[in-house]
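Numbers for residues simply follow the sequence, beginning at 1. Values in this document were obtained by computation on a predicted structure and should not be read as measured data.
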Amino acid sequence: MDPKTYSKEEHGINVDDIDAHALYVLDKLRLAGHEAYLVGGGVRDLLLGIKPKDYDISTSAKPEEVKKIFRNCLLIGRRFRLAHVRFGRKIIEVATFRAGDTENESLIVRDNIFGTPEEDVLRRDFTINGLFYDSEKEHVIDFVEGYPDIKKRFLRTIGQSFVRFKQDPVRMIRLLKFIARFGLDADTEARQALLECRAEILKSAQARVLEELLRMLESGSAAPFFKLMAEHGLLEQIMPTLAEFLETPEGGDVYSYLEELDRSNHEPHHPKYARPTLVTAFIFPLFEARLKTRFLDREKKPHLGDIFEEAHALIDDAFKPFFIFPKRIRAQVTSILVNQYRITPFDPKRKTRIRIPIDPDFFQTLDFLKLRVALKPTLSPIYEQWSEAFEKGEKPIPRSSSGTKRNRPRRRKKS
Ligand code: ATP
Ligand code: MG
């Protein structure tokens, strides 16, 4: 099929808005005699008038050929080799045109057959993600009717939604992610297919699903996204305990935390929250509710050891049985949770001494405390005192020969 092409007068993308390194990679691939286009999320974002976070390139060059062209290039992936061209911290991902089966319902297990440009876009998830941009002619190339969909702000799968969700259930989460992020209107067929296929999500690799959820906590659209996840019954599949909690009166606090995260993520120059802080914001209301029913309602005050155990149990209950939660994030979330009760103990009469632990991740405890302040302004003076002490303690730190910050003998970390 011949694609539709849109000239720069029609699509309005200004080539100067595109990352110079991405343009350089495209030029060099073309000079070496290959076809090469910008593809996927980058083209979509440019057409929506948003600055793309990253740029993906599709090309006729085979991975080994890409490697020969760029010195700063690493081939990654076992099943399907991708080239990462590095410029400092920035990575431009270059993939060879690949074919996929768009009609077979079975779960995709291999994805490693080279193909034509048309096949390469047909295997992609949504029409808005299936456009090429040719940086030489400054054309948008459309095999999937994605251009009119972007203009209508309409979200539609490439091919039959039911088949495409069965092949790769992560696409259902991606459907909700694009609705939440861009306020798009989704096709009825896709919504219907999601309701029919939602249990299939459990067949996906948990690491891919966890990555999509973590990215959404960072996205600035976490509240609408998780609302959609709950409404469409997807959250119930992968995090049943949390989905049930959202139905209770205290469940609304989860959305208040997510809204606060979104608000600060939209602030210009706001530093990015670390992932453990984001995860804590997501589960803290459930933690508070549990401590209440297990201790406070029984007239018991939990001590820090109890809180530590409850924190572990909570992470298990919230993320199991589907997710295998990474150990490092787990330890950090536990530490943020327990530290909250060191700083703001249950007994308001107990005077807490301000002591900043030697823990390079302690800033996460304070970042989370700041989120709590937004919901409960009476905590503000405590936050101010602790963060002032933290900032002061950070300044004149002598460095040991190993270069690590240390001004006292190392203690064993408690958590
Ligand atoms: P983001 O802005 O969050 O990065 P994105 O659409 O760029 O969104 P990526 O995960 O970076 O998402 O994927 C890049 C491109 O790869 C997508 O635009 C889409 O064309 C394709 N793609 C990603 N995931 C899938 C999938 N599960 N099935 C088919 N195609 C996919
Ligand atoms: Mg992307």
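- When all heavy atoms of I238 and V209 are compared, the pair lying nearest together is CD1-CG1, 4.0 Å.
- S335 and Q332 are not linked by any side-chain donor-acceptor pair at a separation below 3.5 angstrom, with hydrogens and angles left out of the test.
- Of all the heavy atoms in R298 and T293, the pair that sits closest is NE-O, 3.7 Å.
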* To do: Evaluate the criterion side-chain contact (heavy atoms from CB on, under 4.5 Å) for residue pair H232 and M172; output intermediate values, then yes/no.
  => CA-CA 10 Å; H232 289 80; M172 297 188 282; over 6 Å; no
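- No hydrogens or angles considered: nothing links the side chains of Q167 and E105 as a donor-acceptor pair under 3.5 Å.
- Ion pairing of K152 with D185 is absent here, as no side-chain N (NZ or NE/NH1/NH2) approaches a carboxylate O to less than 4.0 Å.
- Looking at R156 and E145, no side-chain N of the basic residue comes within less than 4.0 Å of a carboxylate O on the acidic one, giving no salt bridge.
- A donor and an acceptor atom, one from each side chain of R30 and S135, are located under 3.5 Å apart.
- Between R372 and T344, the side chains place a donor N or O and an acceptor N or O closer than 3.5 Å (distance only, hydrogens not considered).
- Aromatic rings of Y273 and F368 (six-membered ring for Trp) have centroids beyond the 6.0 Å cut-off, not under it.
- For K370, the NZ atom counts as loosely surrounded, since its 6.0 Å shell holds 12 or fewer non-hydrogen atoms of other residues, nucleotides or ligands.
- Note: F87 and H21 have parallel aromatic rings, judged against thresholds of 30 and 60 degrees for the angle between ring planes.
- Closest of all the heavy-atom pairs between I57 and A22 is CD1-O, 3.8 Å.
- Ring-centre distance between Y147 and Y6: below the 6.0 Å cut-off.
- In this structure, CD1 in I91 is found 11.0 Å from SG in C73, a value given to the nearest 0.5 Å.
- Using a 3.5 Å distance cut-off with no hydrogens or angles, the side chains of D317 and T241 do not pair a donor with an acceptor.
- Scanning both residues, S58 and F132, for their nearest heavy atoms gives CB-CE2, 3.9 Å.
- Remark: aromatic rings of F226 and F282 are close, center separation under 6.0 Å.
- A salt bridge links R330 and D316; the closest N-O separation between the charged side-chain nitrogens and carboxylate oxygens is under 4.0 Å.
- Across all non-hydrogen atoms, the minimal contact from R164 to L122 is NH1-O, 3.3 Å.
- Remark: K272 NZ to L278 CG distance equals 9.0 Å, nearest 0.5 Å.
- Judged purely by distance below 3.5 Å, without hydrogens or angles, the side chains of N72 and R86 never pair a donor atom with an acceptor atom.
- Looking only at distances, a side-chain donor or acceptor of T116 sits under 3.5 Å from a matching main-chain atom of E119.
- At a threshold of 4.5 Å between non-hydrogen side-chain atoms, the residues I92 and H84 do not count as touching.
- Figure legend: cation-pi geometry between K227 and Y255, with NZ or CZ positioned under 6.0 Å from the six-membered ring centre and within 45° of its axis.
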* To do: Give the C-alpha distance, both sets of side-chain angles, the deciding distance and a yes or no for side chain to side chain donor-acceptor pair (under 3.5 Å) between T277 and D367.
  => CA-CA 7 Å; T277 312; D367 279 356; 4.8 Å; no
* To do: Apply the test side-chain contact (heavy atoms from CB on, under 4.5 Å) to residues E388 and E384: give CA-CA distance (whole Å), side-chain angles for both, the deciding distance (0.1 Å), then the verdict.
  => CA-CA 6 Å; E388 196 184 311; E384 294 301 332; 5.8 Å; no
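- For the atom pair CZ of R171 and CD1 of I158, the computed distance is 9.0 Å after rounding to the nearest 0.5 Å.
- In this structure, L75 and K67 approach most closely via the heavy-atom pair CG-CD, 3.8 Å.
- If you check the side chains of Y257 and E259, you find no donor sitting under 3.5 Å from an acceptor.
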